[in-house]
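Not measured: the values here are computed from a predicted model. Note that these values count all heavy atoms, side chains included, but never hydrogens, waters or copies made by symmetry.
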Amino acid sequence: MNVLLIGYGRMGQRYERVARKLFGKNLNLFVIDPLAEEVADAKVFRSLEDVPPDIPFQLGIDAHPNYGRLQILEKLGQRGVKKVIVEKPSAKSLNESQKMLTVADQLNIDVFLPFFRRYHQYQSENLEKLDAGKLCHIQVTCGAIGLGCNGVHLIDMASSLFGAFPSHVNAQLKMNSIVSPRGPQYMDHGGTLWVHYPNGEMSLNILSQSAMGVQLQLLFENGRILVTEQLPKAAWHWWRREEQTLPLYRTNMEVEVTPPEPWSASLEDTMEHAIGEFLKGGPHPGLKEGHATLATIASAILSTDSHGRAVTLSEAEKHLGDYEFHFT
């Protein structure tokens with residue numbers, strides 16, 4: 001299994017560990033990163049052009065920051081790579097994202113956007129087992145990581161659970177230096193946005209100067225699910241208890257008793273499962289989902305500039321097609 005890994009930062013190293021678990025001794029890993037000196041049991045190159053053109057790759061992983069993704073996708077397609085993982089954010093702008101959709105279609109590339117929350121606790125078939133009824137509202141408060149980093153996962157998760165892309169967005173955002181557990185501070189958006197769907201909505205409040213993690217509440221017809229994700233990270237834990245007339249499904253990462261899968265799994269275990277399903281041809285989020293998420297963020301930016309006015313995604317594409325997302 002020849003795997004081409006582009007970018008050897010925090011996520012790139014995660015992909016390396018997952019690939020070694022997934023493919024074992026059959027893995028031939030090629031790493032492209034101008035700063036990587038040496039990677040054990042892997043061939044390291046400074047650029048994609050340095051990789052011999054006659055090597056066939058069964059999987060390409062673009063795990064570098066979101067600049068130059070279009071060019072990388074084109075080069076991978078020209079080399080005959082048909083299975084490609086593109087890390088989020090999926091492009092530097094909506095216009096670039098649209099071009100990537102065209103390239104993937106023309107070169108017959110199957111692209112997986114790794115919104116791994118879809119493969120973890122929030123699979124709709126798992127939530128249906130709780131008999132909570134129709135999902136009505138998702139309420140999220142989070143800190144430490146901004147809209148471009150953690151927010152993209154939450155937006156995609158909501159779109160997946162509601163089974164539709166957003167229709168319009170209201171927001172009040174501000175650019176801040178986010179206090180991040182990843183290391184040095186970086187620039188991203190904090191603030192509040194309301195993402196409206198045809199059959200529900202999500203309210204997302206990003207506390208840019210907080211390191212609280214994620215607190216999430218799913219409101220259903222017959223009850224609610226509370227999720228608390230604290231730092232440092234630990235396993236997820238779920239249980240159910242009665243609260244007055246409505247059942248309450250609660251998660252708390254500090255509870256010692258863990259029910260069986262799929263309610264508890266590490267991120268890398270989830271990645272391994274999701275990538276395995278992708279390679280088998282299973283359903284997965286792709287560039288369309290990534291484009292809709294970027295359009296949602298652009299709508300939030302445009303709404304903020306318009307003093308909170310509701311903005312449609314098509315309106316954001318029209319006015320902010322060239323806007324570059326500076327999420328690092």
Pairs flagged by side chain to side chain donor-acceptor pair (under 3.5 Å) wherever residues 25-41 is involved - sequence neighbours left out: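 Those involving residues 25-41 are Asn2-Asn28.
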Looking at Glu268 and Arg17, does any basic side-chain N land under 4.0 Å from a carboxylate oxygen? yes
Looking at Glu221 and Lys134, is there a salt bridge between them, counting it only when a charged N and a carboxylate O are closer than 4.0 Å? no
Side chain to side chain donor-acceptor pair (under 3.5 Å) involving [X] - partner list, sequence neighbours excluded:
{"X": "Asp156", "result": "Arg118"}
{"X": "Thr304", "result": "none"}
{"X": "Lys318", "result": "none"}
{"X": "Gln78", "result": "none"}

Considering residues at least two apart in sequence or located in another chain, which fulfil the ring pair (Phe, Tyr, Trp, His ring centres under 6.0 Å) criterion with Tyr323?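 In terms of ring pair (Phe, Tyr, Trp, His ring centres under 6.0 Å), with neighbours along the sequence ignored, Tyr323 is linked to Phe325.
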Flag side-chain contact, heavy atom, 4.5 Å: [X] against [Y]:
{"X": "Phe278", "Y": "Pro283", "result": "no"}
{"X": "Ile72", "Y": "Val84", "result": "no"}
{"X": "Val51", "Y": "Phe57", "result": "yes"}
{"X": "Val3", "Y": "Ile61", "result": "yes"}
{"X": "Leu73", "Y": "Asp62", "result": "no"}
{"X": "Leu193", "Y": "Gln172", "result": "no"}
{"X": "Cys136", "Y": "Phe220", "result": "no"}
{"X": "Lys21", "Y": "Asp269", "result": "yes"}

So how far is it from [X] [atom1] to [Y] [atom2], rounded to the nearest 0.5 Å?
{"X": "Leu204", "Y": "Cys142", "atom1": "CG", "atom2": "SG", "result": "5.0 Å"}
{"X": "Asn170", "Y": "Glu201", "atom1": "CG", "atom2": "CD", "result": "9.0 Å"}
{"X": "Glu324", "Y": "Asn95", "atom1": "CD", "atom2": "CG", "result": "10.0 Å"}
{"X": "Asp50", "Y": "Ile32", "atom1": "CG", "atom2": "CD1", "result": "8.0 Å"}
{"X": "Leu4", "Y": "Leu29", "atom1": "CG", "atom2": "CG", "result": "8.5 Å"}
{"X": "Leu59", "Y": "Tyr15", "atom1": "CG", "atom2": "OH", "result": "9.5 Å"}

With sequence neighbours excluded, tell me which residues meet salt bridge (Lys or Arg N to Asp or Glu O under 4.0 Å) with [X].
{"X": "Lys43", "answer": "none"}
{"X": "Glu315", "answer": "Arg309"}
{"X": "Glu16", "answer": "Arg20"}
{"X": "Glu74", "answer": "none"}

Are Met202 and Ile155 close enough, and set up right, to give a side-chain contact (heavy atoms from CB on, under 4.5 Å), and what steps lead you there? CA-CA 8 Å; Met202 176 176 70; Ile155 294 168; 4.0 Å; yes
For the student: nearest non-hydrogen atoms of [X] and [Y], plus distance:
{"X": "Ile55", "Y": "Arg79", "result": "O-NH2, 3.7 Å"}
{"X": "Ser90", "Y": "Ser97", "result": "OG-OG, 4.5 Å"}
{"X": "Ala42", "Y": "Val31", "result": "CB-CG2, 4.3 Å"}
{"X": "Ala316", "Y": "Val311", "result": "N-CG1, 4.2 Å"}
{"X": "Leu22", "Y": "Glu272", "result": "CD1-CG, 3.6 Å"}

Taking atom types as modelled, find out whether Glu87 and His64 have a side-chain donor-acceptor pair closer than 3.5 angstrom. no
Strictly by modelled atom types, are Asn205 and Thr192 linked by a side-chain donor-acceptor pair under 3.5 Å? yes
side-chain contact (heavy atoms from CB on, under 4.5 Å) for Thr296 and Leu313? Distances and angles first, verdict last. CA-CA 6 Å; Thr296 303; Leu313 272 63; 3.9 Å; yes
Could you give the side-chain donor-acceptor pairs of residues 102-116 under 3.5 Å, partners two or more places apart or in another chain?
residue: Thr102; atom: OG1; partner: Gln98; partner atom: O; Å: 3.3
residue: Asp110; atom: OD1; partner: His284; partner atom: NE2; Å: 2.9
residue: Asp110; atom: OD2; partner: Lys83; partner atom: NZ; Å: 2.8

Please say yes or no: joined through hydrophobic side-chain contacts below 4.5 Å, possibly via intermediate residues, are Leu294 and Trp194 part of one cluster? no
Consider only side-chain heavy atoms of I, L, V, M, F, W and Y, link residues closer than 4.5 Å, and tell whether Leu320 and Met100 are in one cluster. yes
Judged by atom type as modelled, is there a donor-acceptor pair below 3.5 Å linking the side chain of Ser303 to the main-chain atoms of Ser299? no
If only atom types and distance count, is the side chain of Arg69 paired as donor or acceptor with the main-chain N or O of Glu96 below 3.5 Å?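 Between the backbone of Glu96 and the side chain of Arg69 there is no qualifying donor-acceptor contact (under 3.5 Å).
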Per-pair distances, 0.1 Å, donor-acceptor, side chain in residues 161-168, under 3.5 Å, sequence neighbours excluded:
residue: Ser167; atom: OG; partner: His196; partner atom: O; Å: 3.1

Evaluate side-chain contact (heavy atoms from CB on, under 4.5 Å) for Leu219 paired with Leu135, printing each intermediate quantity in order. CA-CA 6 Å; Leu219 300 177; Leu135 177 63; 5.8 Å; no
Could you walk me through whether Val39 and Tyr8 satisfy the side-chain contact (heavy atoms from CB on, under 4.5 Å) test, starting with their C-alpha distance in whole Å, then the side-chain angles of each, then the deciding distance to 0.1 Å, before giving a yes or no? CA-CA 9 Å; Val39 178; Tyr8 196 64; 3.6 Å; yes
